[in-house]
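Read through the structure below, which is laid out as structure tokens, and then see the notes.
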Amino acid sequence: QVQLVESGGGLVQAGGSLRLSCAGSGRRFSNYAMGWFRQAPGKERSFVGAMSLTGSTTYYADSVQGRFTISRDNAENTVYLEMTNLKPEDTATYYCAADIRGPEILRGGESDYWGQGTQVTVSS
């Protein structure tokens, strides 16, 4: 089992920045590809980005490419999502995800483990 706990969400004005954190515990964190998803009210959950075990491979959704950056610190069992130039359409609950099969699986929308989510609201 892997437990994931997100933090760092909040209210920010359009154009602002936020950094989300996801702390992992349980099985060896460095064995898992990590990713972020989001779900806006009335919409399905969608892929945001994913990173491989070592960070050598990353994927991003087109809508966040160039604005969001994923990073990880395996020593601290933590993955981050740095969000810049935020837009009102980025408003959603953001979920951390972990999958031992790799970032391509996360990009496909699947994951073995999910966090409970953290709310991000971007005002115009």
Side-chain angles (χ1 to χ4, degrees):
Q1 287 286 342
V2 173
Q3 292 78 44
L4 303 171
V5 178
E6 302 95 335
S7 62
L11 174 64
V12 63
Q13 289 189 332
S17 301
L18 274 177
R19 188 177 79 158
L20 305 183
S21 300
C22 173
S25 61
R27 294 191 175 183
R28 190 169 177 176
F29 181 83
S30 59
N31 285 346
Y32 289 81
M34 300 299 298
W36 290 92
F37 290 76
R38 65 187 182 186
Q39 186 168 20
K43 295 187 177 181
E44 294 185 353
R45 184 171 57 200
S46 64
F47 172 76
V48 173
M51 174 172 278
S52 60
L53 310 182
T54 61
S56 60
T57 300
T58 55
Y59 299 109
Y60 295 98
D62 289 344
S63 59
V64 306
Q65 181 75 50
R67 299 188 299 121
F68 290 11
T69 303
I70 294 176
S71 61
R72 65 189 295 166
D73 184 339
N74 288 338
E76 295 294 328
N77 289 352
T78 303
V79 63
Y80 303 96
L81 182 66
E82 188 76 37
M83 305 184 292
T84 63
N85 191 21
L86 282 160
K87 304 175 181 180
E89 51 264 42
D90 295 317
T91 295
T93 301
Y94 283 72
Y95 297 91
C96 178
D99 201 295
I100 203 167
R101 295 170 290 176
E104 291 79 14
I105 298 299
L106 293 167
R107 185 177 60 177
E110 298 179 27
S111 182
D112 285 336
Y113 301 101
W114 299 92
Q116 84 290 348
T118 186
Q119 178 66 38
V120 171
T121 303
V122 184
S123 63
S124 57

**Nearest-0.5 Å distance that lies between atom NZ in Lys87 and atom OG in Ser124** = 14.0 Å
**Asked** What pairs with Arg67 under salt bridge (charged side-chain N to carboxylate O under 4.0 Å, His left out), at least two apart in sequence or on another chain?
**Response** Asp90
**Request:** Kindly state each residue pair satisfying ring pair (Phe, Tyr, Trp, His ring centres under 6.0 Å) with at least one member in residues 36-57, sequence neighbours excluded.
**Result:** Phe37-Phe47, Phe37-Trp114
**Asked** Any sub-3.5 Å donor-acceptor pair from Asn74's side-chain atoms to Arg28's backbone N or O?
**Response** no
**Message:** Going by salt bridge (charged side-chain N to carboxylate O under 4.0 Å, His left out), name the residues that satisfy it together with Asp73, two or more places apart in sequence or in a different chain.
**Reply:** none
**Asked** What residues, two or more places apart in sequence or in another chain, satisfy side-chain contact (heavy atoms from CB on, under 4.5 Å) together with Met83?
**Response** Leu18, Leu20, Phe68, Leu81, Leu86, Tyr94, Val120
**Asked** Can you check whether Tyr59 reaches Glu104 side chain to side chain, under 4.5 Å on heavy atoms?
**Response** yes
**Message:** To the nearest 0.5 Å, what is the distance between CE on Met34 and CG on Leu106?
**Reply:** 8.0 Å
**Message:** Within this structure, what is the OG1-CZ distance for the pair Thr54 and Arg72, rounded to the nearest 0.5 Å?
**Reply:** 8.0 Å
Compile the donor-acceptor pairs under 3.5 Å between side chains in residues 1-13 and protein atoms, sequence neighbours left out, one pair per line.
unit_1, atom_1, unit_2, atom_2, d
Gln3, OE1, Ser25, OG, 3.4
Glu6, OE1, Gln116, N, 3.0
Glu6, OE1, Gln116, NE2, 3.3
Glu6, OE1, Gly117, N, 2.9
Glu6, OE2, Cys96, N, 2.7
Glu6, OE2, Gly117, N, 3.3

**Distance in Å, Glu44 CD paired with Gln39 CD, rounded so as to fall on 0.5 Å steps** = 8.0 Å
**Item:** Atom of Ala40, atom of Ala92 and distance for their closest heavy-atom approach
**Value:** N-CB, 3.8 Å
**Fill in**
Sorted by chain and number, sequence neighbours left out, salt bridge (charged side-chain N to carboxylate O under 4.0 Å, His left out) with Glu82 holds for none
**Joint hydrophobic cluster, Tyr95 plus Val48, side-chain heavy atoms closer than 4.5 Å** = no
**Trace of the side-chain contact (heavy atoms from CB on, under 4.5 Å) decision for Arg38 with Ser63** = CA-CA 12 Å; Arg38 65 187 182 186; Ser63 59; 3.4 Å; yes
**Heavy-atom check, side chain of Ile70 versus side chain of Tyr60, under 4.5 Å** = yes
**Item:** Asn77 side chain to Ala23 backbone, donor-acceptor under 3.5 Å
**Value:** no
